[in-house]
There are 2 protein chains.
Amino acid sequence: MVKPILHRRCTLRDVAKAADVSLSTASNALNGVGRVNAETRERVLRIAQEIGFRPNALARSLLSRRSLTIGIITDDTYGRLTLPISSGVSEVLVDHGVSAFLCATSGDKRLAELHLQALLDKQVDGIIFTATRLDVDPPIDLTALNIPVVYAFAAGPSHSTSFVPDDAHGAMLAIACLEAAGCREILHITGPEGWLAARNRAAAYRDRCRPASPVMFGEWSEEWGHAAIEQVLAAREKLPDGIFCGSDEIARGVLDGLRDHGISVPDDISVIGFDNWEVVSRQTRPPLTTIDMELKEIGHRAGLAMLRLTRNEPVDKGITRLPCSLVRRESVAKRPGAEQRR
Amino acid sequence: MVKPILHRRCTLRDVAKAADVSLSTASNALNGVGRVNAETRERVLRIAQEIGFRPNALARSLLSRRSLTIGIITDDTYGRLTLPISSGVSEVLVDHGVSAFLCATSGDKRLAELHLQALLDKQVDGIIFTATRLDVDPPIDLTALNIPVVYAFAAGPSHSTSFVPDDAHGAMLAIACLEAAGCREILHITGPEGWLAARNRAAAYRDRCRPASPVMFGEWSEEWGHAAIEQVLAAREKLPDGIFCGSDEIARGVLDGLRDHGISVPDDISVIGFDNWEVVSRQTRPPLTTIDMELKEIGHRAGLAMLRLTRNEPVDKGITRLPCSLVRRESVAKRPGAEQRR
DNA sequence: TTGAAAGCGCTAACAT
DNA sequence: ATGTTAGCGCTTTCAA
């Protein structure tokens, strides 16, 4: 039984010495490569275990030219999107021994450059760029790097690979849910028309509902949802029986506006949100049925793509739109008949 | 003008060759150490610049035994706390060339071990542990590592160094704000008594207001805020004129409950929250005056402490409580006289 | 089956 | 002022 060395991490040399073999034999034994006597191998393994040997990744990387390290650069200050995405990325990578540097740039160019340079110096095997919207360019140019770049919740140039939520699919899911609940006339209240996500969702809504439907574009805020309800109430006799909101925050404003007027959700009207931002959607009255963008899955896919890229395996180029999912809570009417009818 | 090499990162060797000096001279020139002829230095610098030379951090680290890398391990799945804190950490570290690995464990022990091992293998210079509450032990034991550990929004063992928000100070700020608005009787509605943060804030409240004040412990939810208002209304004749809520979510429930009963905020009663979680506090009607825990500052301090520790400079041991700040919005009455009076 | 030696990219003694 | 050499911890030919 060899005594573990505490003050200094032990090295392969320590193992080799303790096992009375050469460096290369120790290395081969531990990595299971080359011809090593089974008995010798056992001994090396045992001793390595006993003294708590762990290979120095820095030394390995220097030689192998793969650092088992990637960088995640994000625009987000807030964390709403970044943490689920990046933990999704890490989840698939950690099993392959790769760790991720997180660089929050807050959209600051200088900071972004600084981080990027640090990442490059540390020889990251690749970079994943994440943003909070799809139609804004990264604060730094990632197109000329000689390591792979993957975009998650951001759209890279066409020859690159990007993963984004399928807004149209999410919208379809929302409308289908409303229709299944028996809604005949569905209104769409959403964020600024300047946002691609808002336009995509609105287009899907128009496709499915009424090509000429007036979409109510506004802000991504509760206040707007609230104001929109006032507008609707002022402008028309009869309320629609379903409202598809572009975000949970808008939906919350809608819900409040409706309640202010004594209109019951979901009895009088069904409301569905978008985002599944739980701090909002779980706390509304009633709790909000909404669309989840599956951020973690976006992270998974981005991580997987990165893994393949670093191994020179082929990956899909261009923008991959990942399906959303429906989260049922209580703001959409349950039609008892609907289940049976299929 | 030397042509940049694109397929391979250029090395010091390339610089030395191009400048027609030895490796060590090139190294000395670039690092500004040793005796180097001014003219030679210029030339080396210029050439390095031209061919875009950047030193390989891996090679440097191997030699210097400092990887300029730390790990941030977090319990948080959600990101509400982690992103502000970790971007605070990075902000102070990036200028010193250190990058941070982010490891989200979701409280999963296996995952935490995996991440920790990967970090150690990569020779991180230190680890910052972050949690979502102060009174829960990390999923892994960080006390026996031979690298520095700092706790941020988490309380490490007494000989370690931790940075947490000063809950008592935050509570004081809240109460002082209410008092300055003229409130005479302040009620405290907060989260579960099992949470240290809730107890700390409640204790400060009792200290300042009425030692025997009944604190309403409950959940960290809007629903609880709402329910609490119903309870209060049912139990007493006269409403208090100020409510200090343990979280923004609770405050939001309180606000809604009050509105349901036609009680106006801030005219009839002032309400203050805790957290400054903007998605909640900016969207309430009226927008919520609340306490900010200065998460980014916690990150700064943790990062700074880490920097010192890695240089063997002394740092404060034990738990450092960092002041909170007041964010004024519109849920607390403005007393025109209050300003003058001081 | 095992070991000696070279080298990843860099820095730091030590010669010159 | 500059160059030569050794070595950080490891993997990988290539000989033995």
Side-chain angles (χ1 to χ4, degrees), chain A residues 5 7-45 47-48 51-69 97 118 120-125 146, chain B residues 5 7-45 47-48 51-69 97 118 120-125 146:
Chain A
I5 298 163
H7 35 288
R8 182 175 57 80
R9 260 186 90 115
C10 28
T11 72
L12 187 59
R13 199 196 207 84
D14 298 321
V15 177
K17 202 171 296 173
D20 198 37
V21 293
S22 72
L23 273 177
S24 46
T25 302
S27 174
N28 287 339
L30 285 165
N31 296 317
V33 299
R35 244 138 293 278
V36 181
N37 186 331
E39 199 183 309
T40 318
R41 219 181 64 101
E42 287 304 309
R43 183 158 37 96
V44 171
L45 254 36
I47 289 181
I51 67 178
F53 167 75
R54 304 233 86 218
N56 182 325
L58 258 31
R60 279 189 154 179
S61 301
L62 189 54
L63 213 48
S64 68
R65 288 143 186 299
R66 298 209 47 218
S67 65
L68 297 186
T69 271
L120 262 17
D121 288 353
K122 292 189 175 105
Q123 316 289 119
V124 292
D125 297 330
N146 49 6
Chain B
I5 298 163
H7 36 289
R8 182 173 59 80
R9 258 185 92 114
C10 25
T11 73
L12 187 58
R13 199 196 208 84
D14 299 322
V15 178
K17 202 171 296 173
D20 198 37
V21 292
S22 73
L23 274 177
S24 48
T25 301
S27 174
N28 287 340
L30 286 164
N31 296 316
V33 298
R35 243 139 296 277
V36 180
N37 186 330
E39 198 184 312
T40 320
R41 220 181 61 100
E42 287 304 309
R43 182 158 38 96
V44 171
L45 253 37
I47 289 181
I51 67 178
F53 167 76
R54 302 234 86 216
N56 182 326
L58 258 31
R60 280 188 153 180
S61 301
L62 189 55
L63 212 48
S64 67
R65 288 144 184 298
R66 299 209 47 218
S67 64
L68 297 186
T69 272
L120 262 17
D121 289 353
K122 290 186 177 108
Q123 315 291 116
V124 291
D125 296 331
N146 49 6

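Below, chains carry the letters A, B, ... as their sequence lines are ordered, and counting in each starts from 1.
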Would you say A:D20's side chain and A:K17's backbone share a donor-acceptor pair under 3.5 angstrom? no
Is there a donor in the side chain of B:S24 and an acceptor in the side chain of B:S27, or the other way round, less than 3.5 Å apart? no
Examine D:dA1: is either OP1 or OP2 under 4.0 Å from a nitrogen or oxygen in the side chain of B:R41? Give yes or no. no
In this structure, CZ of B:R41 is separated from CZ of B:R35 (nearest 0.5 Å) by 13.5 Å
Which nucleotide sits closest to the side chain of A:L62: D:dC10, C:dC10, D:dG9? D:dG9
Expressed as a whole number of angstroms, how long is the span from B:K122:NZ to D:dG9:C1'? 16 Å
Test your reading of the model: is there a side-chain donor-acceptor pair from A:S61 to the backbone of A:A57, 3.5 Å cut-off? yes
Residues from residues 26-40 of chain B sitting under 4.0 Å of DNA chain D, heavy atoms only? B:R35, B:V36, B:N37, B:T40
Nearest whole Å is fine: how far is C:dA5 C1' from A:L63 CG? 13 Å
Donor/acceptor link under 3.5 angstrom from A:T25 side chain onto base of C:dT1: no
By nearest atom, which of the nucleotides C:dG9, D:dG9, C:dT11 is closest to the B:L23 side chain? C:dT11
Residue pair A:K122 / B:T69, side-chain heavy-atom distance below 4.5 Å: yes
Nucleotide C:dT1, atom P - distance to CD of A:E42 in whole Å: 14 Å
Of B:S24 and B:R65, the one whose closest nucleotide on DNA chain D sits nearer the 5' end is B:S24
Nearest-Å distance, CD (A:Q123) to C1' (C:dC10)? 12 Å
Just verifying a value: how many Å separate A:D121 CG and B:R54 CZ, rounded to the nearest 0.5 Å? 4.5 Å
If you compare every side-chain N and O of A:R60 against the phosphate oxygens of D:dT11 (OP1, OP2), does one of them come in below 4.0 Å? yes
Please report the distance, rounded to the nearest Å, between CZ in A:R66 and C1' in D:dC10. 17 Å
Check whether any side-chain heavy atom of B:F53 sits under 4.5 Å from a side-chain heavy atom of B:I47, and report yes or no. no
Spacing between B:D14 atom CG and C:dG9 atom P, to the nearest angstrom: 9 Å
Separation of C:dG9 atom P from B:L68 atom CG, nearest Å, is 19 Å
Could you check how far CG of A:D121 sits from P of C:dG9, rounded to whole Å? 14 Å
